[in-house]
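Notes to accompany the following structure.
In what follows, every chain begins at residue 1, and chains take the letters A, B, ... in the order their sequences are listed.
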Amino acid sequence: MIPAGWFFAVAAILFGLGVTAFFVRRDLPTQFLAVEIMLNAANLAFLALAKPASAAAAQTIVLFIITVAAAEAAVGLAVILVVFRRRKSVRSEDLRILKG
Amino acid sequence: MAAVLFWVFSCVSIGAVLAMILSRHPAHAALWLVLAFASLGGLFGLLAAPFVAVVQIIIYAGAIMVLFLFVLMTIDAKAGIPGEKRTFALAAAIVLALLLLAEIGLAARSLLLAPAAAVSDSIKTAAIGRLLFEKYLYPFEITSLLIMAALVGAVALVKKKDGA
C-alpha cells in the first residue's frame, strides 16, 4: 500500500506550483487556473489524510468542494469577461485603478 | 501495481502543471490542466475514492475546463503574453513557493516521516449518497442555492445593459 504521506507530498508540491503559477503568469484566465490547481491540491490532501473511519464523509465534503469550485468558476469567468469587455485586456498588470 | 500507478499519475499531474506554467497561450495552459486534473482523478481512485475520481474527471476535467476554454475563445488570447519583468516575478514566485513548501513540510513532518497506513477498502458510492441525503442534507440543499446564485450572478454580470 502507498503511504498517505506520499499523497500529501504530491498535494503539497501541486499547491506550491499553483502559488508559483499565480505569481508568474500575468493574465487573469491563467491566474484563475492556478487557483483551481490549489483547490485540487487541497482536495487531494483532504482525501489522503482522512481517517479510514471517516473516509465516506471526507469524500462527501470533497464533492461539496468541487461543487463550490464550479460555482466559483462560473462567477470568476463572468468577471473576466466583463473586465475584458471594458478594458480589451485580461492582463492583470493593466488593471491599475486601485493603485490610485 | 498501485505504486507504479501512483508514480505515473503524480508525475503526469506535476509535469502537466509545470507545462501549464511554461505554456505561453492561455488555451494551451487550460488543456494542460485538463491532463493534470484527469491524472489527479487517477490519484483519487488510488485513494479508494472511485466516485470522487469519476466526478473529478467528468465535472472538473470535463465540464469546468470546457467552460474555461469556451470563455478563452471569446476573449483575445494574445493579450495573455507575458510582459518584460518576468524574471523578477519568476524568482520571487519560486522563493515564495519553496518557503510555502518548507512550511507545509515542517507543519506535517510527522506525517511525512512516519507515514500512516494508507486507506482501507473502497468506499461504496451508496455510503456517500446516504451521507449526502441524510447527514449532509442541509449543506446539500444550500449548495443548490449557491449554484443558483452563481448562475444568476454570472448572467447578471455578463448581460449587456440596455442602451449601453
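Rounding to the nearest 0.5 angstrom, the gap separating the CD1 atom in B/Ile147 from the OG1 atom in A/Thr67 is 5.5 Å. Residue A/Asp27 holds its CG atom at 11.0 Å from CZ of B/Arg24, rounded to the nearest 0.5 Å.
Only the side chain of B/Ile64 comes within less than 4.5 Å of a heavy atom of chain A; its backbone N, CA, C and O stay farther away. In this structure, chain A has a heavy atom under 4.5 Å from the side chain of B/Ile59, while its backbone stays farther away. In this structure, chain A has no heavy atom under 4.5 Å from any part of B/Trp32. Neither the backbone nor the side chain of A/Leu28 comes within less than 4.5 Å of any heavy atom of chain B. Residue B/Phe51 touches chain A through its side chain alone, counting heavy-atom pairs closer than 4.5 Å. With a threshold of 4.5 angstrom between heavy atoms, B/Ile14 approaches chain A through its backbone and through its side chain. For A/Glu36, the parts sitting under 4.5 Å from any heavy atom of chain B are the backbone and the side chain alike. The parts of A/Ala57 that come within reach of chain B are both its backbone and its side chain, each placing non-hydrogen atoms under 4.5 angstrom from that chain. With a threshold of 4.5 angstrom between heavy atoms, A/Ile65 does not approach chain B through any atom at all.
When hydrophobic clusters are built by joining Ile, Leu, Val, Met, Phe, Trp and Tyr residues whose side-chain heavy atoms come closer than 4.5 Å, directly or via intermediates, B/Val12 is not grouped with B/Val54. B/Ile57 and B/Tyr60 fall into different hydrophobic clusters, where Ile, Leu, Val, Met, Phe, Trp and Tyr are joined by side-chain heavy atoms under 4.5 Å apart, directly or via other members. A/Phe46 and B/Phe140 fall within a single hydrophobic cluster, where Ile, Leu, Val, Met, Phe, Trp and Tyr are joined by side-chain heavy atoms under 4.5 Å apart, directly or via other members. Connection of A/Phe84 to B/Val158 is established within a shared hydrophobic cluster, with ILVMFWY side chains joined at heavy-atom distances below 4.5 Å, either directly or through further cluster members. In the hydrophobic clustering of ILVMFWY residues, with side-chain heavy atoms under 4.5 Å counting as a link, B/Phe9 and B/Leu33 come out together.
A/Phe32 and B/Phe68 have tilted rings, their planes meeting at an angle from 30° to 60° on a 0 to 90° scale. Ring geometry for B/Phe6 versus A/Trp6: interplanar angle of 30 to 60°, hence tilted.
Interface check for chain A: of the options B/Gly129, B/Ala154, B/Ala63, the most heavy-atom pairs under 4.5 Å are formed by B/Ala154. Contact count versus chain A (heavy atoms, under 4.5 Å) is highest, among B/Ala127, B/Ala93, B/Ser13, for B/Ala93. Comparing A/Leu44, A/Val10, A/Val68 by heavy-atom pairs within less than 4.5 Å of chain B, the highest count is held by A/Leu44. Contact tally against chain B (heavy-atom pairs below 4.5 Å) for A/Val19, A/Val62, A/Leu63: the top residue is A/Leu63. Chain B forms more heavy-atom pairs under 4.5 Å with one residue of A/Ile37, A/Ile13, A/Ile61, A/Asn43 than with any other, namely A/Ile37. Between chain B and the residues A/Leu49, A/Val75, A/Leu17, the largest count of heavy-atom pairs under 4.5 Å involves A/Leu17.
Cluster partners of B/Tyr138: none. The rule joins Ile, Leu, Val, Met, Phe, Trp and Tyr whenever side-chain heavy atoms lie under 4.5 Å apart, and it links nothing here.
Closest approach of B/Ile75 to A/Pro29, counting heavy atoms only: CD1-CG, 3.8 Å. Taking both residues in full, the closest heavy atoms of A/Leu33 and B/Met20 are given as CB-CE, 4.0 Å, listed atom of the first, atom of the second, then distance. Minimum interatomic distance between A/Ala56 and B/Ile128 (heavy atoms only, all atoms of both residues): O-CG1, 4.5 Å. Taking both residues in full, the closest heavy atoms of A/Thr20 and B/Ala97 are given as OG1-CB, 3.0 Å, listed atom of the first, atom of the second, then distance. Pairing each heavy atom of B/Ala29 with each of A/Thr30, the nearest pair is CB-CG2, 4.1 Å.
With a 4.5 Å cut-off on side-chain heavy atoms, B/Leu101 and A/Phe15 do not count as touching. Between A/Leu14 and B/Leu40, some side-chain heavy-atom pair lies under the 4.5 Å cut-off. Counting heavy atoms from C-beta on, the side chains of A/Phe22 and B/Ile21 never come closer than 4.5 Å. Counting heavy atoms from C-beta outward, A/Phe23 and B/Ile94 have side chains that stay 4.5 Å or more apart.
Judged by distance alone, the side chains of B/Gln56 and A/Asn40 do bring a donor and an acceptor atom under 3.5 Å apart.
Judged by distance alone, with hydrogens and angles left aside, the side-chain atoms of A/Arg25 form no donor-acceptor pair with the main-chain N or O of B/Pro26 at under 3.5 Å. Judged purely by atom type and a 3.5 angstrom limit, A/Gln59 uses its side chain to pair as donor or acceptor with the backbone of B/Ala48.
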* To do: Report the C-alpha distance between A/Phe7 and B/Leu46 in whole Å, list the side-chain angles of each, state the deciding distance to 0.1 Å, and finish with yes or no for side chain to side chain contact (heavy atoms under 4.5 Å, CB included).
  => CA-CA 10 Å; A/Phe7 284 98; B/Leu46 281 179; 4.0 Å; yes
* Before giving the answer on side chain to side chain contact (heavy atoms under 4.5 Å, CB included), spell out for A/Phe8 and B/Ile104 the whole-Å C-alpha distance, their side-chain angles and the decisive distance to 0.1 Å. => CA-CA 10 Å; A/Phe8 185 76; B/Ile104 295 174; 3.8 Å; yes
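Other residues, nucleotides and ligands contribute at most 12 non-hydrogen atoms within 6.0 Å of the CD atom of B/Glu103. Atom CZ of A/Arg85 has more than 12 neighbouring heavy atoms from other residues, nucleotides or ligands inside a 6.0 Å radius.
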